[in-house]
Protein chains: 2
Amino acid sequence: MAKASRNPAADTGVVKLKDVALLAGCSVATASRVLNGHPTVGPAEKQRVLAAAIQLGYVPNNSARALRSQNTSLVGVIIPTLDHAIYAKMVSGLQERLAQHGKSVIISTSDYDLEQERIQTRLLVGRGVESIVLVGLEHHPDTLEYLRRAGVAPVFTYTCELGLGAVAVGLDNRLAGATVAGFLLELGHKRFGMVAGVTRGNDRATQRRDGFLARLGEAGVPASDIVVLEAPYKIDGGAAAMRSLMQTHPRPTAIFCGSDILAVGAIKYCHVAGIAVPGEVSVVGFDNLEIAELVTPELTTLNVPAREMGEAAADALIRLGEKKETSIATELPTRLIVRDSTGPAGSASRK
Amino acid sequence: MAKASRNPAADTGVVKLKDVALLAGCSVATASRVLNGHPTVGPAEKQRVLAAAIQLGYVPNNSARALRSQNTSLVGVIIPTLDHAIYAKMVSGLQERLAQHGKSVIISTSDYDLEQERIQTRLLVGRGVESIVLVGLEHHPDTLEYLRRAGVAPVFTYTCELGLGAVAVGLDNRLAGATVAGFLLELGHKRFGMVAGVTRGNDRATQRRDGFLARLGEAGVPASDIVVLEAPYKIDGGAAAMRSLMQTHPRPTAIFCGSDILAVGAIKYCHVAGIAVPGEVSVVGFDNLEIAELVTPELTTLNVPAREMGEAAADALIRLGEKKETSIATELPTRLIVRDSTGPAGSASRK
DNA sequence: TTGAAAGCGCTAACAG
DNA sequence: CTGTTAGCGCTTTCAA
């Protein structure tokens with residue numbers, strides 16, 4: 001039969017629990033208990049097992065552990081894109097915080113497509129993720145239904161509206177939109193434009209727009225003095241939308257962009273078109289990315305604490321796993337960062 | 001004993017292969033074969049199994065599959081940070097390409113710390129990744145040794161120097177550094193500065209610097225006319241380094257920054273210090289991030305095709321998995337993008 | 001407090 | 001071409 005070698009690192013080179021137990025002079029059961037922090041183990045054994053594990057550089061096989069204990073310590077996250085820092089930062093915070101709890105994150109992207117998200121969700125569930133982090137509250141019905149049936153709890157981010165028994169970590173997008181409107185109103189602006197991103201399948205974009213419009217409406221601004229455009233979340237998209245906006249008559253004097261990417265594109269267009277910012281038109285962004293401080297003029301924008309949101313999502317996940325709570329809504333504070341891209345209406349100091 | 005129900009979805013609600021086999025009227029082995037596209041199965045059986053699987057909504061348990069077949073279709077990637085677009089883009093390309101082949105990516109970050117990377121590597125191997133994507137060629141010896149013993153093939157990125165039997169996808173950092181030096185020399189510059197990032201544990205930064213210095217040396221520039229500083233990859237780091245550089249006498253007229261982040265910081269400092277770019281000093285970046293086109297003046301920089309690199313890494317991974325090749329080095333082309341932050345030496349048109 | 005032993009769900013020999 | 005059988009490495013009753 002020649003089963004041959006049975007010592008560590010001779011077959012596959014991978015140290016197994018058995019090897020640790022062998023070196024520690026105990027059974028695999030005891031070794032397992034020690035490594036899992038089970039309380040009922042004598043201190044002497046415990047010491048030896050720990051020492052052996054370190055000496056051998058033991059790394060548990062997660063597939064086996066998962067199979068046996070129905071516990072993969074894997075978390076899935078689906079974001080629209082990694083190309084935008086706002087999502088990358090969130091994932092970064094999520095991953096780091098989760099790593100501290102021994103959990104790993106599997107990442108995938110949907111490109112703002114709910115159908116893509118649905119497919120990714122099934123894949124992730126098949127991989128045995130314990131939980132899944134989603135962006136926004138609006139999803140394909142199948143996505144949510146599938147998650148429910150599979151017993152995988154979703155965590156919604158960038159929003160803090162709460163479904164029943166759900167977990168959400170984010171911001172009040174409506175309020176944020178309204179805040180921007182209020183700020184622009186105070187500066188005396190009367191005609192407004194908005195570059196809203198793509199609102200289809202994107203409740204965050206929708207709410208920002210609605211909050212903005214609602215506040216404007218309350219202030220008595222007629223709908224005819226507000227132009228809303230949609231544009232893909234690209235610099236060029238923002239530039240193109242701004243061009244359209246600047247060609248309407250009468251021209252708006254204040255533009256709210258649904259993201260800094262769009263706002264930066266808008267400002268870029270103004271540069272080439274020779275339109276003074278904020279002299280002729282004020283521009284407000286959303287997200288407070290690093291670029292907001294790098295463009296000229298520096299961008300007035302709403303701060304979104306993306307990294308903190310990822311960390312908060314991780315925390316919620318952990319608490320959820322501990323069955324401490326079943327329904328958690330965390331609202332992260334946002335605040336307007338006033339820089340140089342906004343000014344009082346009618347200050348048109350022609351360049 | 002009341003073991004009670006043995007039908008699907010009655011216990012845990014999870015459909016297992018056994019349930020599929022039961023419904024299809026065959027053994028689990030046959031069902032497994034069908035689901036894995038094994039050729040030796042009768043068409044009739046095949047049909048029934050497929051139908052049963054769909055009807056029951058069967059989703060394979062990946063942990064079990066992985067445990068048994070040593071094949072997780074999981075790929076790990078460790079990058080310094082997700083906060084820099086240059087890495088996020090690479091991961092994005094990697095993830096998308098890999099998803100097309102049914103593989104998922106587990107992400108983790110090392111914060112430019114090789115020791116952190118070593119720990120993450122072990123974790124990832126424990127999770128059963130088939131392969132692992134690393135940044136650069138320089139790693140903790142244990143990292144490589146552990147990977148070798150575990151039989152997990154590393155794929156090195158952002159570099160195309162090749163170890164033996166290794167896979168690398170990236171660029172020639174030395175050459176890139178030399179290219180920048182050549183460009184600056186041609187513009188007639190005589191005194192140079194470099195903001196090199198952190199070279200410790202970072203072979204890319206080291207090589208860029210060495211290539212830059214070597215080319216300058218060849219051109220007969222005395223070492224006394226070159227100042228090299230290191231700075232963390234932050235905007236503030238770039239600004240602080242630039243401040244030091246601008247205080248040396250005689251002042252350098254051309255600065256090469258190891259990344260756009262640093263370059264943007266450098267330019268920002270010049271803004272506040274009232275130093276004209278490129279009038280008094282030329283600045284060159286590295287990476288060609290989006291921000292390069294957004295700062296004023298627009299940044300001259302070296303284009304790094306990060307997304308393509310991720311995709312190429314994915315391709316290499318796939319080929320490696322198919323055992324087609326064992327040693328692949330892909331050099332992606334870089335090219336200098338000349339914009340407005342550089343100009344001829346001595347053109348100091350005081351602002 | 002510890003060890004022996006029974007699987008978790010699946011795949012891969014090996015027979016038939 | 002199909003079924004039987006043995007585990008993959010680990011956790012967890014159940015006895016001792």
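Order of the sequence lines sets the chain letters (A, B, ...), proteins ahead of strands, with each chain counted from 1. A quick note: this is a predicted structure, and the numbers were derived from the prediction, not measured.
Whole-Å rounding puts the A:Leu67 CG to D:dG7 C1' distance at 12 Å. Counting to the nearest Å, the C1' atom of D:dT2 and the CZ atom of B:Arg48 are 12 Å from each other. Taking atom CG of B:Leu22 as the reference point, atom P of C:dG9 lies 14 Å away to the nearest angstrom. Rounded to an integer number of Å, the gap from B:Leu56 CG to C:dG9 P is 15 Å.
You'll find that the side chain of A:Gln70 is closest to C:dG9, out of C:dG9, C:dG3, D:dT2.
Cation-pi geometry between A:Arg122 and A:Tyr146 is met: the NZ or CZ atom falls under 6.0 Å from the ring centre, inside 45° of the normal.
Side-chain contact between B:Ile328 and B:Arg319 is present, with at least one heavy-atom pair separated by less than 4.5 Å. Looking only at side-chain heavy atoms (C-beta outward), A:Ile318 and A:Leu98 come within less than 4.5 Å of each other.
Contact between the side-chain N/O atoms of A:Thr30 and the OP1/OP2 oxygens of C:dG3 is found at a separation under 4.0 Å.
Here CG of B:Leu74 is found 6.5 Å from CG of A:Leu74. Values are rounded to the nearest 0.5 Å. Considering OG1 of A:Thr121 and CG of A:Leu144, their distance stands at 8.5 Å, rounded to 0.5 Å.
The side-chain contact (heavy atoms from CB on, under 4.5 Å) test applied to A:Asp111 returns no partner, not counting sequence neighbours.
Taking the nucleotide of DNA chain D with the nearest heavy atom to each of A:Ser63 and B:Pro43, the more 5' of the two is matched to B:Pro43.
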If the sugar-phosphate is the primed atoms plus P, OP1 and OP2 and the base is the rest, what is the B/S/- string for nucleotides 10-16 of chain C, using protein heavy atoms under 4.0 Å? BBBB---
